[in-house]
Structure formats: C-alpha cells, structure tokens
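A short write-up of the structure that comes next.
Quick note: residue numbers are just sequence positions, from 1.
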Amino acid sequence: MIVRYRDVRAVLASPDSSRNLRDPGLPRMVSGTALEDDPAALINQDPPEHSRYRRIMQGTFTPKHIERWRPRAAAIANELIDAAGEEFDVVADFALPLPARVICEMLGVPMDRFEQFRGWTEMFLSTSEASSEARGEGFAAFMAYAGELIAEHRVRPGDDLIDLLIEARDDGDRLSEAELTHMVFTLIMAGHETTASIIIRGTYRLLCHPEQYAQLAARPELLEPAVEEILRCEGPGGNGLLRRITGDIELSGGVIPAGAVVLPNPTGANHDPSAFADPQRFDIHRFAGTAVNPHLSFGHGPHYCLGANLARMELQEAFRALATRLPGLRAQEDLATLRWSDDGLIYRPLRLPVKGG
C-alpha cells in the first residue's frame with residue numbers, strides 16, 4: 001500500500017501503473033456489478049482505449065456545462081429541507097435523494113420513473129442488502145432502461161446530459177451504444193453513492209466542530225474551501241484502486257518492480273504531514289485564498305475524476321443549503337457513539353438525525 005503524498009501522485013501519474021482489468025495479473029477487490037469489477041468501465045482501462053474515451057468526453061463535464069445545473073441542484077436541496085420539517089434524517093431525507101434527483105434531471109429521466117430509477121441505484125450501493133442475483137437482475141434492467149433513454153434522446157434530442165454524451169466526439173469518433181450505456185451507469189454509481197456519503201460524513205464532521213459550522217453559516221465565502229477540506233478528510237478516493245506495475249517505478253521507499261500490484265491510498269496521502277500541516281486537524285480555512293487544492297480525493301493523472309466539477313457543484317449546494325437554511329443544526333445523539341459501515345460509507349440502520357434551530 002502506497003500512502004505518502006508524493007508517492008501516491010507518482011503512481012497515479014505513471015504510464016507504468018495499469019488499471020486494465022482484462023489483464024489477468026490485476027487482482028480484484030470486489031465482485032459483482034460494482035464499477036471496480038467491470039472491465040468496460042472507464043476507471044478500468046489503460047491507453048489507448050482510455051485516452052480515446054477521455055478525448056471524446058473532455059468537453060462534456062467542463063465547469064461551463066456543469067454550472068447550467070447549479071440552480072436546479074440548489075432548488076432541490078432547498079426543497080428537501082422544506083419537506084423535512086423541524087427534524088429530519090440526513091441520510092434518508094437529504095443525502096441520498098439529493099444526488100439521485102440531480103442526476104435524474106441532468107439525464108432527462110422522467111419524474112414518473114424516478115422511484116424505479118432510485119430503487120435501481122440504491123440496489124447497487126455497497127451497503128445494499130440485495131442478493132447478488134437481485135443485483136444482477138437490477139443491473140440488467142437498469143442497463144436496458146439506459147439504452148431506452150439514449151434511444152429516446154436520439155429521436156427527440158434536447159439539452160440534457162445524455163444529449164451532450166451523444167454529441168461528444170473527437171474528430172468524428174463517437175461513443176458506441178455500449179459505451180454510452182456504461183457511461184450513464186458510471187455517472188449514476190460514481191456520482192450517487194460517493195456524493196451521498198460525503199454529504200453525510202461532511203455533515204458529521206461539521207457537527208463535530210460546531211464553531212466551524214457556525215462560521216460557515218455566517219460566512220458564505222468559506223463554502224468552497226470548506227468543501228475542499230471535507231473532500232480532503234472524507235474524500236471519495238477511500239482506499240484507492242489496485243494497480244499493476246508494468247515497469248519499475250522508483251518511490252521514496254525504494255523501487256516497485258514490474259509485475260507488483262500496489263494499492264495507492266488517497267486517504268493516506270491526504271493525511272500526509274509533508275503535504276498538509278497538522279493533517280488530522282479539520283479546518284475549513286485550510287484552502288481559503290488558495291487557487292490550488294492539492295488533495296487527491298478525485299485522483300491524479302490520466303484517471304483524474306471526470307465528474308469532479310459535478311461533484312464539487314453538488315457538494316457546494318448541499319452544504320450551502322444546510323448552512324444557510326439550518327444555521328443551528330445539531331445532532332440529536334452523541335456523535336461519538338455513531339457507528340459506520342465497514343467500508344466507511346453509509347451505515348443505513350443507524351442514521352444521523354439532525355435538528356435545525
């Protein structure tokens with residue numbers, strides 16, 4: 001496992017660091033319908049396939065395109081708070097439905113299909129208790145619907161995200177139907193669970209530091225650096241993804257030989273004291289006034305998260321709504337007693353109820 005900041009960056013950027021799941025030399029950490037186990041997923045490809053995919057997609061998730069959906073993300077966040085009343089469950093009433101509704105609107109999913117769509121996506125969460133057979137059936141049904149949705153947009157084009165995906169090209173090269181449906185699935189999985197978990201864990205982190213939450217509520221200019229600090233502390237990188245080394249890589253601790261399998265750990269890198277002063281300290285001022293946010297929660301190098309701009313926008317609007325609408329937010333139970341799932345994402349049987357003052 002690679003944990004030092006400079007070493008993790010070096011491995012993530014190296015052309016000798018492979019994510020190719022079609023290579024029998026790369027072991028798996030998961031099985032089933034998870035993205036990490038799908039050879040067709042973008043995160044599991046190497047150049048030239050990966051380079052082609054990124055070239056075609058590079059203009060789709062620019063800040064300019066993502067900003068178009070910011071007003072709707074803000075409106076949905078406020079609607080969820082309005083519907084919750086004086087007390088609400090941050091997991092069930094806010095964190096899970098917010099990214100699900102945002103991505104549905106971005107993809108042009110009709111609202112009469114929203115509950116079915118949400119049921120599919122929640123089935124694929126790591127915390128879902130659905131059997132492998134049920135997940136397989138749900139995956140097939142979801143992919144079939146994604147294909148229908150793409151076909152409908154080809155017949156009646158609009159300006160949804162699917163339309164941008166359909167029109168994306170590089171010198172005439174476009175995504176195939178299979179690639180389009182896999183990209184829709186990737187957007188749902190990568191955007192739903194990770195965004196929801198960061199909203200939950202970020203809220204938890206802020207409530208553990210009520211003085212900083214009060215500062216965020218009083219000073220909206222702290223919103224962007226606060227989100228970056230939440231990403232550094234609770235980022236979606238988790239324990240990272242396995243990589244097979246195809247050529248010797250020299251790191252601070254020595255040479256990693258070709259043929260070795262390593263696990264670059266973004267969470268470890270984000271807490272490296274050589275990169276971040278007092279890294280265990282949560283500080284929403286840490287990135288204030290800086291143009292560069294060097295945390296590795298969205299990765300680094302060729303596999304830098306394609307949806308980073310989308311995730312940032314959703315997180316900013318989620319925490320903006322919480323801080324401005326509920327400045328007196330507080331937990332109803334002792335935060336020190338909360339339990340999390342083994343993978344540190346969402347522990348649904350024990351949710352986090354909060355109350356606005």
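Side chain of E229 to main chain of D283: a donor-acceptor pair is present (N/O by atom type, distance under 3.5 Å, no hydrogens or angles). In this structure a side-chain-to-backbone donor-acceptor pair under 3.5 Å is missing from N270 to C233. In terms of modelled atom types and a separation under 3.5 Å, the side chain of D163 and the main chain of D160 share a donor-acceptor contact. Between the H65 side chain and the F61 main chain, no donor and acceptor come within less than 3.5 Å of each other. Panel note: side chain Y145, backbone Q116; no donor-acceptor pair is recorded below 3.5 Å. With hydrogens and angles disregarded, no donor-acceptor distance shorter than 3.5 Å links the side chain of T181 to the backbone of G147.
With hydrogens and angles left out, the side-chain atoms of R205 and Q212 include no donor and acceptor closer than 3.5 Å. Looking only at atom types and distance, the side chain of N20 has no donor-acceptor partner in the side chain of S18 under 3.5 Å away.
In this structure, CD1 on I66 lies 12.0 Å from CZ on R312, to the nearest 0.5 angstrom. Distance CD1/I199 to CZ/F319: 6.0 Å, rounded to 0.5 Å. Here D159 contributes atom CG and L164 contributes atom CG; the two are 8.0 Å apart, rounded to the nearest 0.5 Å. Here the straight-line distance linking atom CG of D46 with atom NE2 of H303 works out to 5.5 Å at 0.5 Å rounding. Here I81 contributes atom CD1 and L98 contributes atom CG; the two are 9.0 Å apart, rounded to the nearest 0.5 Å. I2 CD1 to S252 OG: the interatomic distance, rounded to the nearest 0.5 Å, is 8.0 Å.
Judged as a salt bridge (Lys or Arg N to Asp or Glu O under 4.0 Å), the pairs with a partner in residues 145-158 (not counting sequence neighbours) are, in order, R154-E177. Within the structure, salt bridge (Lys or Arg N to Asp or Glu O under 4.0 Å) pairs that include any residue of residues 96-109 comprise R72-E105, E79-R101 (at least two apart or interchain).
Shown here for M106 and W69, the closest heavy-atom pair between the two residues is CE-CE3, 3.4 Å. Here the closest heavy-atom approach between residue F94 and residue P99 is recorded as O-CD, 4.5 Å. Across all non-hydrogen atoms, the minimal contact from I200 to A95 is CG1-CB, 3.4 Å. Nearest heavy-atom pair across Q215 and L222 is O-CD1, 4.0 Å. Nearest heavy atom pair, residue I56 against residue R174, reads CD1-C, 4.0 Å. I245 approaches G247 most closely through the heavy-atom pair CG2-O, 2.9 Å.
Legend: residues meeting side chain to side chain contact (heavy atoms under 4.5 Å, CB included) with A10, ordered by chain and number and at least two apart, are L251.
For the pair L231/F287, no side-chain contact is recorded, criterion being any heavy-atom separation below 4.5 Å from C-beta on. In this structure the side chain of V109 never reaches within 4.5 angstrom of the side chain of I103, judged on heavy atoms. The side-chain heavy atoms of M183 and T60, taken from C-beta on, include no pair separated by under 4.5 Å. Counting only heavy atoms from C-beta outward, the side chains of R219 and H285 approach each other to under 4.5 Å. Between I166 and P157, every side-chain heavy-atom pair lies at or beyond the 4.5 Å cut-off. Contact annotation: the side chain of P264 approaches that of R243 to within less than 4.5 Å [non-hydrogen atoms, C-beta and beyond]. Using a 4.5 Å heavy-atom threshold, the side chains of V184 and L149 count as separate. Considering only heavy atoms from C-beta on, I230 stays 4.5 Å or farther from L315 through its side chain.
For E221, the CD atom is densely surrounded, since the number of other residues' heavy atoms within 6.0 Å is greater than 12. Within 6.0 Å of the CZ atom in R4, the count of heavy atoms belonging to other residues, nucleotides or ligands does not exceed 12. For CD of E224, the number of neighbouring non-hydrogen atoms (other residues, nucleotides, ligands) closer than 6.0 Å is 12 at most.
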(message) For L322 and Y213: C-alpha separation, side-chain torsions, deciding distance, then whether side-chain contact (heavy atoms from CB on, under 4.5 Å) applies.
(response) CA-CA 10 Å; L322 289 174; Y213 185 75; 4.0 Å; yes

(message) With side-chain contact (heavy atoms from CB on, under 4.5 Å) as the criterion, how do Y204 and L206 come out once you've worked through the C-alpha distance, each side chain's angles and the decisive distance to 0.1 Å?
(response) CA-CA 6 Å; Y204 167 82; L206 287 167; over 6 Å; no

(message) D272 vs R6, test: salt bridge (charged side-chain N to carboxylate O under 4.0 Å, His left out). Steps then yes/no.
(response) CA-CA 9 Å; D272 182 347; R6 290 182 62 183; over 6 Å; no

(request) With side-chain contact (heavy atoms from CB on, under 4.5 Å) as the test, would you mind laying out the steps for L329 and T203 before giving the verdict? (result) CA-CA 9 Å; L329 197 67; T203 303; 4.2 Å; yes

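Cation-pi geometry between R286 and F276 is not satisfied (NZ or CZ under 6.0 Å from the ring centre, within 45° of the ring normal).
Between H209 and F282, the angle of the ring planes lies from 30° to 60°, which puts this pair in the tilted group.
By the criterion of side-chain heavy atoms lying less than 4.5 angstrom apart, applied directly or through intervening Ile, Leu, Val, Met, Phe, Trp or Tyr residues, V255 is not grouped with V8; the two fall into different hydrophobic clusters.
Under 4.0 Å is where a charged nitrogen must lie from a carboxylate oxygen, and between R320 and E317 at least one such pair does.
When R232, E228, H300 are each tested for a side chain to side chain donor-acceptor pair (under 3.5 Å) with H295, only one passes: E228.
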